[in-house]
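Have a look at the structure below before the remarks.
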Amino acid sequence: MRSCWLASFADVPDPACELVCFPYAGGSGSVFRGWQRHTRSLRVTAACLPGREVRLSEPAIPDIDRLTDALLTAVTPLTDRRYAFFGHSMGALVAFELTRRIRDAGLPLPAGLFVAGLEAPHLVRFDPAHDLPRDELVAWLYQGQGLDAEVLAYPELIDLMLPTIRADLAVVENYRFQPLAPLPVPVHVLHGRDDEVDIAASGAWAELTSEECRVTTFDGGHFFVREHEGRIVRLIEAALTTTTPARETGDIGGIER
């Protein structure tokens with residue numbers, strides 16, 4: 001029986017790998033619903049975090065340690081087969097710290113860590129926004145953080161969403177990186193050409209892995225993932241189904257454009 005923390009969107013018999021996806025701040029697992037149609041070899045599974053969708057009545061968790069502790073329990077049953085993580089923005093940070101938790105627990109590690117829209121965690125610096133007054137926070141979200149203009153016409157909906165958004169922003173804004181040994185997990189960084197996330201800071205993920213690290217740049221801003229859904233899924237599928245060992249590719253730290 002699946003945990004309430006995870007949801008898959010299709011029954012994929014004998015998948016080559018299970019791809020567990022973590023959303024951006026304020027996002028929900030349903031943003032990955034369309035991913036399954038782009039792959040037959042992967043089972044796409046989304047993290048269902050408290051404070052949204054079917055878990056709307058539960059308070060969101062504003063602390064990354066508590067959040068990853070809970071997720072560790074949820075994903076532990078997956079570690080007896082091949083799996084990988086994808087995370088966008090806040091989700092990238094959660095996926096990274098969860099992978100560290102898995103290593104600490106002595107469990108099998110993911111076959112790959114795919115991250116988008118986030119600097120390497122040891123370089124992450126966020127201006128505080130989670131405790132802004134309501135109207136200032138809404139304006140900030142509208143100016144580039146994914147709040148659609150149509151939503152502004154529904155203040156009740158905004159007020160329903162804000163506690164979860166504040167909690168998610170607190171997860172990343174209060175994050176403090178702890179230096180530990182690099183992860184023995186290949187990392188593939190996805191970067192939006194027009195994102196405020198610096199390309200050099202994206203490449204610095206290579207310092208956090210002892211395996212291959214690649215950076216692929218896409219057209220678009222912070223939410224480029226929405227525009228390139230199919231290409232991203234196919235990229236992940238190819239990386240997870242190749243039989244070429246990472247150390248033989250000669251691609252460590254490489255950048256594709």
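This one's a predicted model, so the numbers in the text were calculated from it and none came from an experiment.
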Original post:
Are the side chains of Leu98 and Phe22 in touch, meaning some heavy atoms are under 4.5 Å apart?
Top reply: yes

Under 3.5 Å, side-chain donor or acceptor atoms of residues 197-204 against the rest of the protein: list the pairs with distances, not counting sequence neighbours.
residue	atom	partner	partner atom	Å
Asp198	OD2	Ala200	N	2.9
Asp198	OD2	Ala201	N	3.2
Ser202	OG	Asp198	O	3.2

Original post:
Would you find a donor on one side and an acceptor on the other, under 3.5 Å apart, between the side chain of Arg82 and the backbone of Leu240?
Top reply: yes

Subject >> side chain to side chain donor-acceptor pair (under 3.5 Å) pairs, two or more places apart, involving residues 174-185 >> reply: Glu97-Tyr175

Using atom types as modelled, flag every donor-acceptor pair under 3.5 Å from a side chain in residues 50-59 to any protein atom, sequence neighbours excluded.
residue	atom	partner	partner atom	Å
Arg52	NE	Leu49	O	3.4
Arg52	NE	Pro50	O	3.2
Arg52	NH1	Gly27	O	2.9
Arg52	NH1	Asp168	OD2	2.7
Arg52	NH2	Pro50	O	3.0
Arg52	NH2	Asp168	OD1	3.1
Arg52	NH2	Asp168	OD2	3.4
Glu53	OE2	Ser28	OG	3.0
Glu53	OE2	Ser30	OG	2.5
Arg55	NE	Glu58	OE1	3.4
Arg55	NE	Glu58	OE2	2.9
Arg55	NH1	Cys48	O	2.9
Arg55	NH2	Glu58	OE1	2.8

Original post:
Would you call Asp14-Arg81 a salt bridge at under 4.0 Å N-O?
Top reply: no

**OP:** Give, for atom CZ of Arg43 and atom CG of Asp11, the distance between the pair rounded to the nearest 0.5 Å.
**Re:** 6.5 Å

Subject >> Glu18 side-chain N/O to Phe85 backbone N/O, donor-acceptor pair under 3.5 Å >> reply: no

Subject >> Chi angles and distances behind the side-chain hydrogen bond (donor to acceptor under 3.5 Å, both in side chains) call for Thr216, His191 >> reply: CA-CA 6 Å; Thr216 302; His191 177 262; over 6 Å; no

Original post:
Under 4.5 Å between any side-chain heavy atoms of Leu190 and Leu235, yes or no?
Top reply: yes

Original post:
Trp205 side chain to Leu118 main-chain N or O, any donor-acceptor pair under 3.5 Å?
Top reply: yes

Original post:
Under the ring-ring contact (aromatic ring centres under 6.0 Å, His included) test, which residues partner Phe224, sequence neighbours left out?
Top reply: Phe218

Original post:
In terms of the angle between their ring planes, are His88 and Phe223 parallel, tilted or perpendicular, with boundaries placed at 30° and 60°?
Top reply: perpendicular

Subject >> Nearest-0.5 Å distance, CG of residue Leu109 to CZ of residue Arg103 >> reply: 7.5 Å

Subject >> Inter-residue atom distance Leu107.CG - Thr79.OG1, 0.5 Å rounding >> reply: 4.5 Å

Original post:
How about Ser89 and His222: does a side-chain donor come under 3.5 Å of a side-chain acceptor?
Top reply: yes

Subject >> Interatomic spacing from CD1 in Ile236 to CZ in Phe114 - rounded to 0.5 Å >> reply: 5.5 Å

Original post:
Can you list the residues that meet the side chain to side chain contact (heavy atoms under 4.5 Å, CB included) rule with His38, with sequence neighbours excluded?
Top reply: Glu229, Val233, Arg234

**OP:** Could you pull out all residues at least two apart from Ser41 that satisfy side chain to side chain contact (heavy atoms under 4.5 Å, CB included)?
**Re:** Ala16, Thr39, Glu237, Thr241

Subject >> Under 3.5 Å donor-acceptor, Thr209 side chain and Leu183 backbone >> reply: yes

